[in-house]
Amino acid sequence: MNLRSNWKAALSLTGTILKWLAIALCIPLVVAVYFGDSIWPFVIPGAISLTLGLLFERIDPDPHMNLRDGFLMLVLAWVFIAFIGSFPYLISTFGTSSSLSIPINALFESVSGFTTTGATVIEDLSSPSYSKSILFWRQFTQWLGGMGIIVLALAIIPSLSSGGMRLLDAESPGPGVKKLTPKIAETARFLWIVYLGITFLEILALYGLHVLGLAPNMDFYNAVCHGMTTLASGGFSPAVRGIETFSAAVQWVIIPFMVASGTNFALFYKFMSDDKKVFLKDSEFKYYLLVIAALCAIFLGIFLTTGTSIGIQNDSTTISSFRSALFLTVSLITTTGYVNFDYTLLDLPIQYLILLAMFIGGSVGSTSCSIKILRWVIILKSVKSDIIKIIHPDAVVPVRFNNETLTESTIKQIHAFTLLFIFIFGISTILISLDSYRIGLNLSLLEAMGAVAATLGNFGPSFGQSGPMGTYLHFSTPSKLYMSGLMIAGRLEIFPLIVLFTRVFWKS
Amino acid sequence: MRILIIGAGQVGSSIAENLSESHKVVIMDIDPVRVSDLSYSYDVLAICGDGNNIKNLEEVGKIDLFLACTNDDEKNLIACESSKMIGDAFTVARVKNSVLFESWSRSKGSFGVDFMACSDRLISEAIIKITGTPAALDADYFADGKIQMAEFEINPNSFISNKTVLEADQFELLTFAAIITESEIIIPTGSTMILPGHRIVVIGTPESVKSFSTQLEPTTKKTQNIVLIGGSSIIAETASLFSSIKVNTTLITSGKDASLELAKKLPNTMVMCHDISDIRFLEAENINQSDLVVVHLSSDEKTLLISLLIKQLGVRRIVSIVNSGSYVSLFENVGIDVAVNPRELISEAIIGFTHQVNTEHIALLDSNRVELLEVEIGSDSNISGKTIQEISSSMPNLVLIGAIVRDEQAIAPRGDTTIKYGDHIVILTDVSVLDKVLQQL
């Protein structure tokens with residue numbers, strides 16, 4: 001095949017990002033030194049990352065990127081970062097019986113981290129093979145992946161600025177991400193500052209509860225770890241039973257931060273630049289809250305009528321049902337994947353509802369994944385407009401959102417994305433089922449659909465064995481590899497990955 | 001007053017004609033043929049020049065009132081701005097585009113324009129007035145819409161017929177201002193009888209007028225469905241004004257791109273794209289069920305034919321917007337309910353404005369026999385501090401204070417109400433004593 005020569009530019013820029021990954025690896029290194037853990041799990045990948053980075057940069061010392069290279073670079077960067085991100089797990093568990101000592105498991109865990117999915121293959125988090133620093137790294141990968149590695153890169157690497165908007169578009173989840181400031185680097189930097197600031201606030205709030213004696217298990221280490229994965233809508237927790245480990249007060253505090261993680265970050269920018277009513281004006285935000293309220297009411301109704309007693313702390317049943325319903329709803333819609341009780345113990349119809357809720361997703365421009373509210377609303381509106389056209393064939397009914405009229409091509413793209421998402425979901429369910437059948441693993445339809453929806457939608461926990469308290473360890477190696485691909489596809493909103501598999505992309 | 005009019009088109013020349021009787025009028029136009037025509041037809045000084053050229057403006061010398069009346073919005077604004085550079089004449093601009101009007105309304109006096117008359121807005125408001133109070137023969141608004149005046153015909157079965165004013169007046173914030181009979185205008189007292197066939201003029205808040213009109217003729221249903229035909233900016237403006245008062249509006253226009261643009265601009269209007277002369281389409285969309293159809297197409301001839309076609313479908317009321325003033329009576333002669341001419345409306349608005357500096361709104365009732373005026377009470381006003389009783393005893397017979405707006409709120413005028421500085425009052429007076437009244441205020 002006659003490859004285009006410009007793949008060099010993409011590789012070179014990936015190299016620049018890898019160089020910076022080496023710097024990011026210094027943070028868990030500091031944690032390792034503090035806790036007296038081995039430093040090699042971070043030093044070695046750091047060195048590899050730096051070397052690879054420098055090597056790649058030499059391929060094309062003066063890279064000029066066009067749109068096509070942007071897609072290639074995006075996917076290359078994510079793949080290499082996930083790859084290098086698995087080294088700390090491999091090195092730290094080398095020679096032990098831990099599941100992470102097997103390369104495919106380590107890769108799955110790393111991809112799940114960077115894509116903010118939260119699906120795990122670690123059977124026993126309390127095992128001594130997992131040091132505090134390695135669990136910190138697991139949380140930290142989600143925090144890096146949350147706002148997006150490319151957004152971070154745009155903020156700090158000037159050579160990416162021209163044409164960077166395409167990258168930002170491709171990586172930030174959802175359509176309609178707009179430049180907030182004339183300079184793209186400024187936009188990216190701003191997004192990260194907001195992200196960092198809210199993370200910091202949450203850490204303070206969580207640790208504050210601990211200091212006040214309201215959260216005995218939420219020490220400073222846990223506050224930092226959970227602060228990082230809430231805002232990333234990740235869902236990893238160093239605690240064995242997830243958020244269930246912590247008091248009701250902690251769960252209440254986490255809920256608004258999860259809501260923030262599913263909010264369009266551009267709204268925070270507009271709020272800070274003096275438009276105090278922006279949250280009231282934004283249609284998507286209103287629909288987002290409406291969906292949360294509606295789904296929460298459904299769950300609460302089910303919990304109260306079936307008398308399900310779940311996630312009970314020391315408060316009354318009704319309040320604790322409300323807390324559990326709200327926590328579950330927000331975690332589902334923002335695709336965080338935190339759990340404050342094991343929902344696989346619920347009756348099957350409720351689990352079906354949970355599966356369906358994984359397809360909703362948060363706002364565009366947030367750290368949440370899946371299909372997202374904006375797309376659903378626009379699809380419903382365009383269907384409504386089509387219905388009007390059936391009654392009045394000559395009516396001209398443009399679809400509006402936030403007082404803007406959407407073009408036909410935007411609507412078509414949204415339909416295409418959603419259809420593709422559901423199509424991939426269907427095909428993948430069959431593939432995973434067949435592959436599991438091949439190795440003698442009997443997967444129920446719910447488990448197969450759940451595993452695909454939770455990885456493609458970046459939610460994390462699924463049903464049955466891979467439920468919130470279980471793992472994905474029992475899947476075959478090809479299945480795990482495939483699901484890693486699904487996680488990256490879901491995080492990058494499918495299209496950037498799909499174009500790489502088209503003949504048109506590679507033709508010069 | 002020395003008045004300079006820029007633009008000698010239909011609007012400019014009709015204003016010049018009207019004002020030339022009592023003022024010194026200078027009219028300026030680029031077209032020399034028009035200029036020479038004008039100087040022969042009216043008693044005005046017509047000169048050839050460009051209103052945007054500051055040298056031409058300077059040559060005219062000192063003026064008191066500057067009227068920019070060309071059919072180009074931007075040129076009118078530049079002319080006003082230029083006039084402000086060289087003098088302190090009061091500037092009036094004619095504009096078409098309601099977007100410009102809205103910007104100007106935010107900060108009156110911007111663009112160097114002291115008063116702006118927006119034709120698209122004037123027409124859509126005129127159409128709203130026709131429909132707003134369905135039973136009303138004539139309706140007018142004062143004090144930014146806080147006060148409404150409306151004239152009703154009394155049917156024999158109306159609840160107020162054969163009653164005295166005292167018995168009929170059960171409405172807060174509503175004044176029975178005048179009763180018009182065949183021969184005379186009566187300013188009613190409590191004992192005046194209201195007889196069938198009389199016409200009654202009421203002044204009050206729009207809500208009170210509305211509740212009065214619904215009680216007067218309980219069967220009159222509110223105008224619900226309005227169909228607008230055409231793609232002009234007047235049609236778009238009317239659609240958006242109607243949908244802002246929650247009336248169902250449907251806009252039909254041919255031309256795919258134009259209809260899409262209109263659909264984007266008008267979120268609450270159903271926009272359709274189809275050949276307007278297709279009678280089957282009009283029938284299928286139930287045009288005959290609509291309460292009002294407004295037609296404005298690119299040419300008056302088309303407007304007439306389509307209006308007649310729609311009339312034939314059985315539509316109750318049709319308003320045609322006619323570009324050429326000479327066609328207006330023709331339209332009404334062949335059965336179109338109302339024909340509106342944009343240029344006529346804008347000339348009226350500008351003339352009305354120039355008549356009296358602090359008279360904000362003039363509505364002429366019943367072929368110019370009664371005049372309604374909205375007046376702001378200045379600090380040096382003769383009537384400031386007096387009660388209404390005192391005022392009516394000191395004024396000529398035919399004067400009535402119909403409404404008072406104080407601090408943006410309508411208050412009911414009663415005999416012991418005191419008029420204060422800053423009030424807006426709506427007064428009703430006979431044309432013959434108008435000048436006397438204005439002097440006394």
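The basis for the numbers below is simple: all heavy atoms, side chains too, and nothing from hydrogens, waters or symmetry mates. In what follows, chains carry the letters A, B, and so on, assigned in the order in which the sequence lines appear, proteins first and then strands, with residues in each chain numbered from 1.
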I need the full list of salt bridge (charged side-chain N to carboxylate O under 4.0 Å, His left out) pairs touching residues 332-341 of chain B, with sequence neighbours left out, sorted by first then second residue.
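Those involving residues 332-341 of chain B are B/K311-B/D337.
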Would you list the atom pairs in which one atom of chain B and one of chain A form a donor-acceptor pair under 3.5 Å?
| residue | atom | partner | partner atom | Å |
| --- | --- | --- | --- | --- |
| B/A263 | O | A/R400 | NH2 | 2.3 |
| B/K264 | O | A/R400 | NH2 | 2.5 |
| B/V271 | O | A/V396 | N | 2.4 |
| B/C273 | N | A/D394 | O | 2.7 |
| B/E285 | OE1 | A/H392 | ND1 | 2.4 |
| B/E285 | OE2 | A/H392 | ND1 | 3.3 |

Ignoring hydrogens, what is the shortest heavy-atom contact between B/A263 and A/V396? Give both atom names and the distance.
CB-O, 3.6 Å
Looking only at heavy atoms, which two atoms of A/A395 and B/M270 are closest? And how far apart?
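Taking A/A395 first and B/M270 second, the nearest heavy atoms are CB-SD, 3.5 Å.
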Tell me whether B/Y327 at atom OH has more than 12 heavy atoms from other residues, nucleotides or ligands lying less than 6.0 Å away.
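No, because the 6.0 Å sphere around OH of B/Y327 holds 12 heavy atoms or fewer from other groups.
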